[in-house]
Amino acid sequence: MRMFFRRKNTGGSGRRQAELVLRGSWTSELYGRGPVRVPAHPDVDAFLAQRPMPSVRPGDDGFAKYVNGNDDLMRAMWCYVLLHHPDSAVRGACLRSPRLVTGFALIPDRVADLLLDEEVAQDAAATVWRLSETGLRIVLNVVLSRGLVASGFTAEQTKSALILLRRTCPPDRLAALEAGPAAEQEDTSLDVFGTASRLVDLSAAVEREYDALDERQRDLRRDWQYLDRLASSGEAPEAALAGPVAIRRIGHRLNGTGGIALMREVAACAGDLSAQRMAERDLNRRWDRIGDWMA
């Protein structure tokens, strides 16, 4: 996962006044796509101990309404942000922190990615064993690329991550680790829910962006053949098309895994998770011509 950042001087001469502006596709997990400002050199434990926590998206009324004053949720989001910090010392400190919100849905997925980060891989492995059984299952799904949406781990990366996990595994978690790679079938209910949740967020973000688009961008969003070419190319689309391309890519992966039946299951779950089943209606047209799906 690529990250882009630049420094921002917020004034003053102290080291802690410096900020970084982080960009990347991962920011769309935090209530809409957009850059996130972070301290360049935070004391991670002190930062996460704040009450109330500062907003991840200050000045965004929609985000404030979404969080609704939930300080624990804001802390969890900051944990996710700090695990993307370009300074490996900050990523490592966050992984080691007792304030890391390991129960937040996005954390296990990110910890799995950090098993491939040489600078913090040992800390990431130690964090895996602080996760719940559900969290461990998410990590193994990512490492083994066996979720509904493939993680992209290569065979060599999977081998490296599993060796590291085996070396660091406490005796009381060994059975769970060995059962993961050996299992012929896993419970996919969590994957259906997680994929549906991701699609709800993507659908909402795509809708929010619509008014700011020009006519060319709006036309390209409706061109499913063009979106499919982008989805299969592996290249990063322009920002205005990132959401529609991601939705098409997920649709193709679901179709390849379980056909239209699995697509319908995920779409129905997305409908359950959205107001007036808006996400399900949106997917109905955005998945047009994927396999047997017809809008």
Side-chain angles (χ1 to χ4, degrees), residues 1 4 22-36 55-68 70 73-74 77 80-81 105-106 109 148-149 191-233 235-255 260 262-291 293-295:
M1 182 180 293
F4 303 89
L22 307 188
R23 294 179 172 84
S25 60
W26 62 271
T27 62
S28 64
E29 302 284 1
L30 302 170
Y31 192 82
R33 192 181 183 92
V36 179
S55 177
V56 170
R57 296 194 181 281
D60 186 326
D61 292 340
F63 177 74
K65 184 178 180 180
Y66 170 71
V67 175
N68 194 30
N70 187 333
L73 176 58
M74 192 73 76
M77 289 185 172
Y80 185 65
V81 170
L106 298 175
D109 192 281
L148 293 179
V149 180
D191 297 312
V192 168
F193 184 86
T195 303
S197 298
R198 171 72 173 138
L199 287 166
V200 169
D201 291 340
L202 283 169
S203 176
V206 166
E207 181 64 26
R208 286 196 301 270
E209 295 164 354
Y210 186 81
D211 288 342
L213 302 179
D214 58 36
E215 286 302 316
R216 181 191 68 88
Q217 292 168 330
R218 292 179 182 181
D219 287 341
L220 289 176
R221 281 188 168 197
R222 292 188 287 266
D223 187 342
W224 62 265
Q225 292 178 317
Y226 180 71
L227 296 177
D228 284 349
R229 286 197 295 273
L230 288 177
S232 62
S233 71
E235 298 178 1
E238 62 178 285
L241 301 180
V245 167
I247 291 172
R248 293 288 297 185
R249 184 181 291 123
I250 291 172
H252 280 291
R253 288 176 178 170
L254 293 174
N255 181 61
I260 195 170
L262 182 57
M263 294 175 71
R264 285 172 174 164
E265 181 181 1
V266 172
C269 184
D272 292 338
L273 295 172
S274 58
Q276 287 80 51
R277 309 194 68 83
M278 289 303 297
E280 185 177 19
R281 299 178 189 178
D282 191 42
L283 292 174
N284 181 55
R285 59 189 179 87
R286 294 193 186 280
W287 281 351
D288 190 28
R289 310 298 176 87
I290 295 178
W293 193 281
M294 298 291 289

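The figures here come from the full heavy-atom set of this structure, side chains too, leaving out hydrogens, waters and symmetry mates. Values in this document were obtained by computation on a predicted structure and should not be read as measured data.
Across all non-hydrogen atoms, the minimal contact from Ala270 to Ala196 is N-CB, 3.6 Å. Here the closest non-hydrogen pair linking Tyr80 and Glu29 is OH-CG, 3.7 Å. Shown here for Asp211 and Arg218, the closest heavy-atom pair between the two residues is O-NH2, 3.5 Å. Among all heavy-atom pairs drawn from Arg23 and Pro35, the shortest one is CG-CB, 3.8 Å. Heavy-atom minimum distance, Leu213 versus Ala240: CD2-CB, 3.6 Å. When every heavy atom of Ile250 is checked against every heavy atom of Arg198, the shortest pair comes out as CD1-CG, 4.1 Å.
For the pair Val81/Trp26, a side-chain contact is recorded, criterion being any heavy-atom separation below 4.5 Å from C-beta on. When side chains are defined from C-beta on, Glu238 counts as touching Gln217, because their heavy atoms get closer than 4.5 Å. Looking only at side-chain heavy atoms (C-beta outward), Trp224 and Arg285 stay at 4.5 Å or farther from each other.
One finds the CH2 atom of Trp293 at 9.5 Å from the CG atom of Leu254 (value rounded to the nearest 0.5 Å). Here the CE atom belonging to Met294 is positioned 10.0 Å from the CD1 atom belonging to Ile260, to the nearest 0.5 angstrom. For the atom pair Tyr31 OH and Tyr66 OH, the distance stands at 9.0 Å (nearest 0.5 Å). We find the CG-CG distance between Leu220 and Leu227 to be 7.5 Å, quoted to the nearest 0.5 Å. The distance from atom CZ of Arg253 to atom CD1 of Ile290, rounded to the nearest 0.5 Å, is 12.0 Å.
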Carefully, step by step, assess Arg286 and Val206 under the rule side-chain contact (heavy atoms from CB on, under 4.5 Å). CA-CA 11 Å; Arg286 294 193 186 280; Val206 166; 3.1 Å; yes
Worked verdict on Ser274 versus Glu280 for side-chain contact (heavy atoms from CB on, under 4.5 Å): CA-CA 8 Å; Ser274 58; Glu280 185 177 19; 5.7 Å; no
Please step through side-chain contact (heavy atoms from CB on, under 4.5 Å) for the pair Tyr226 and Arg248, ending with a clear verdict. CA-CA 11 Å; Tyr226 180 71; Arg248 293 288 297 185; over 6 Å; no
Can Thr27 and Arg57 be said to form a side-chain contact (heavy atoms from CB on, under 4.5 Å), step by step? CA-CA 11 Å; Thr27 62; Arg57 296 194 181 281; 3.9 Å; yes
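A distance-only check finds a donor-acceptor pair linking the side chain of Ser28 to the backbone of Ser25 [under 3.5 Å].
A cation-pi geometry, defined here as NZ or CZ lying under 6.0 Å from the six-membered ring centre and within 45° of its normal, does not hold between Arg221 and Tyr210.
In Gln276, the CD atom is not crowded: 12 or fewer heavy atoms of neighbouring residues, nucleotides or ligands sit closer than 6.0 Å. Taking a 6.0 Å sphere around CZ of Arg277, one finds it holds more than 12 heavy atoms contributed by other residues, nucleotides or ligands. For Asp61, the CG atom sits in a loose shell: 12 or fewer heavy atoms of surrounding residues, nucleotides or ligands are nearer than 6.0 Å.
Remark: Arg222 engages Asp219 in a salt bridge, criterion side-chain N to carboxylate O under 4.0 Å. Taking the charged nitrogens against the carboxylate oxygens, Asp228 and Arg249 have no contact shorter than 4.0 Å, which rules out a salt bridge.
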